[in-house]
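These notes are about the structure you will find just below.
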There are 2 protein chains.
Amino acid sequence: MESSFAILAEPNRRSILSLLAASECSVGELERQLRMPQTSVSKHLRVLREAGFVEARVEAQKRVYRLRPEPLMEVDAWLTPFRRFWTAHVDALERHLDQMDPTPKKGKKR
Amino acid sequence: MESSFAILAEPNRRSILSLLAASECSVGELERQLRMPQTSVSKHLRVLREAGFVEARVEAQKRVYRLRPEPLMEVDAWLTPFRRFWTAHVDALERHLDQMDPTPKKGKKR
DNA sequence: GATTCATATTCCCGTCAAGTCATATACTGA
DNA sequence: TCAGTATATGACTTGACGGGAATATGAATC
């Protein structure tokens with residue numbers, strides 16, 4: 001079982017994920033956009049699929065791949081303890097605000 | 001020039017970074033806490049140093065290593081386009097992803 | 001200057017992963 | 001059924017990486 005970081009170490013896999021972040025794609029579409037052999041695309045997709053980064057649905061002869069968020073969420077979570085190293089020097093005030101933090105999240109609400 | 005993701009693919013290197021996130025350490029301290037041979041620690045530190053993840057200052061015979069934020073910031077930035085997949089509508093995402101992406105399937109005709 | 005401590009570097013080896021080529025599987029339509 | 005399209009898999013080669021042992025560098029203390 002590979003770590004999510006090991007999966008992301010491969011540049012072509014990151015490219016595939018970036019394309020899928022824009023919109024779901026079939027294997028052939030990825031093949032054309034990345035200009036890489038179909039067998040390579042399929043193998044990388046297999047790795048990404050088994051690691052939970054993507055999932056496929058069958059559509060006639062095509063397989064349409066789309067993103068799954070969980071593994072990237074793990075990576076995002078791993079970064080958490082490090083964020084203070086670049087949010088702190090932006091403004092120390094931010095830490096104060098963190099400590100108060102009684103405010104519930106309010107965005108625009110409908 | 002290695003990508004930051006390739007550097008983070010190694011579990012021991014991630015452990016080193018996590019320790020350094022808590023506080024700066026000498027090589028010997030890392031060696032003891034991670035229970036790994038000194039030669040391995042030094043080699044990983046070299047990789048981390050050359051990739052800009054850490055920097056060392058000399059203190060008598062010791063070298064004290066500390067974090068540098070830039071490469072991890074890059075990783076954080078790479079994640080940005082993916083965050084909408086889990087920050088916006090987490091529950092809607094879990095039900096059906098295609099509902100939040102109603103873009104028509106075909107772009108171009110030939 | 002020799003010794004000791006702290007760290008870095010070099011060499012060798014096993015492993016593993018990515019690329020390529022060839023082939024296999026699956027679905028569609030005539 | 002056959003032909004054609006779309007994707008997956010297998011075998012093989014090659015190159016890179018991590019681990020370990022031995023060794024080198026370099027500062028501090030005597």
What integer distance in Å separates [X]:[atom1] from [N]:[atom2]?
X        : N       : atom1 : atom2 : result
Gln61(B) : dT25(D) : CD    : C1'   : 13 Å
Glu55(B) : dT7(C)  : CD    : C1'   : 18 Å
Lys62(B) : dA8(C)  : NZ    : C1'   : 17 Å
Leu30(B) : dA6(C)  : CG    : C1'   : 13 Å
Arg49(A) : dA8(D)  : CZ    : C1'   : 8 Å
Leu48(B) : dA8(C)  : CG    : C1'   : 15 Å
Met36(A) : dT7(D)  : CE    : C1'   : 15 Å
Gln38(B) : dA21(D) : CD    : C1'   : 12 Å

So, is [X] near the phosphate of [N], with a side-chain N or O under 4.0 Å from OP1 or OP2?
X        : N       : result
Arg63(B) : dA27(D) : no
Arg46(A) : dA8(D)  : no
His44(B) : dG19(D) : yes
Tyr65(B) : dA8(C)  : yes

Kindly say whether [Y] contributes a backbone atom to a donor-acceptor pair with the side chain of [X] at under 3.5 angstrom?
X        : Y        : value
Arg49(A) : His44(A) : no
Thr80(A) : Ala77(A) : yes
Ser40(A) : Met36(A) : no
Gln33(B) : Leu30(B) : no

>> With nearest nucleotide decided by heavy atoms, which residue, Ala56(B) or Asn12(A), maps closer to the 5′ end of DNA chain C?
In response: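 Its nucleotide being nearer the 5' end, the pick is Ala56(B).
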> Does Glu10(A) get its side chain close enough to the base of dA17(C), under 3.5 Å, for a donor-acceptor pair?
Replying inline: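 Per atom types, no contact qualifies.
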>> Check this for me: does the side-chain of Lys43(A) come within 3.5 Å of the base of dT20(C) through a donor and an acceptor?
In response: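 Flag set: donor-acceptor pair detected.
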> Choosing from dT7(D), dA6(C), dT9(C), which nucleotide comes nearest the side chain of Ser42(B)?
Replying inline: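 Between dT7(D), dA6(C), dT9(C), the one nearest the side chain of Ser42(B) would be dT9(C).
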> Looking at the side chain of Pro37(A), which of dG4(D), dT7(D), dT20(C) is the nearest nucleotide?
Replying inline: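 Nucleotide nearest to Pro37(A)'s side chain: dT20(C).
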>> Assess the residue pair Arg57(A) and Glu24(A) against the criterion (salt bridge (charged side-chain N to carboxylate O under 4.0 Å, His left out)); give the C-alpha distance rounded to whole Å, side-chain angles, the decisive distance to 0.1 Å, and a yes or no.
In response: CA-CA 10 Å; Arg57(A) 72 166 189 277; Glu24(A) 47 179 41; 3.0 Å; yes
>> Does Thr39(A) reach a base, just sugar-phosphate, or nothing at all? Heavy atoms under 4.0 Å.
In response: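 Contact class for Thr39(A): base.
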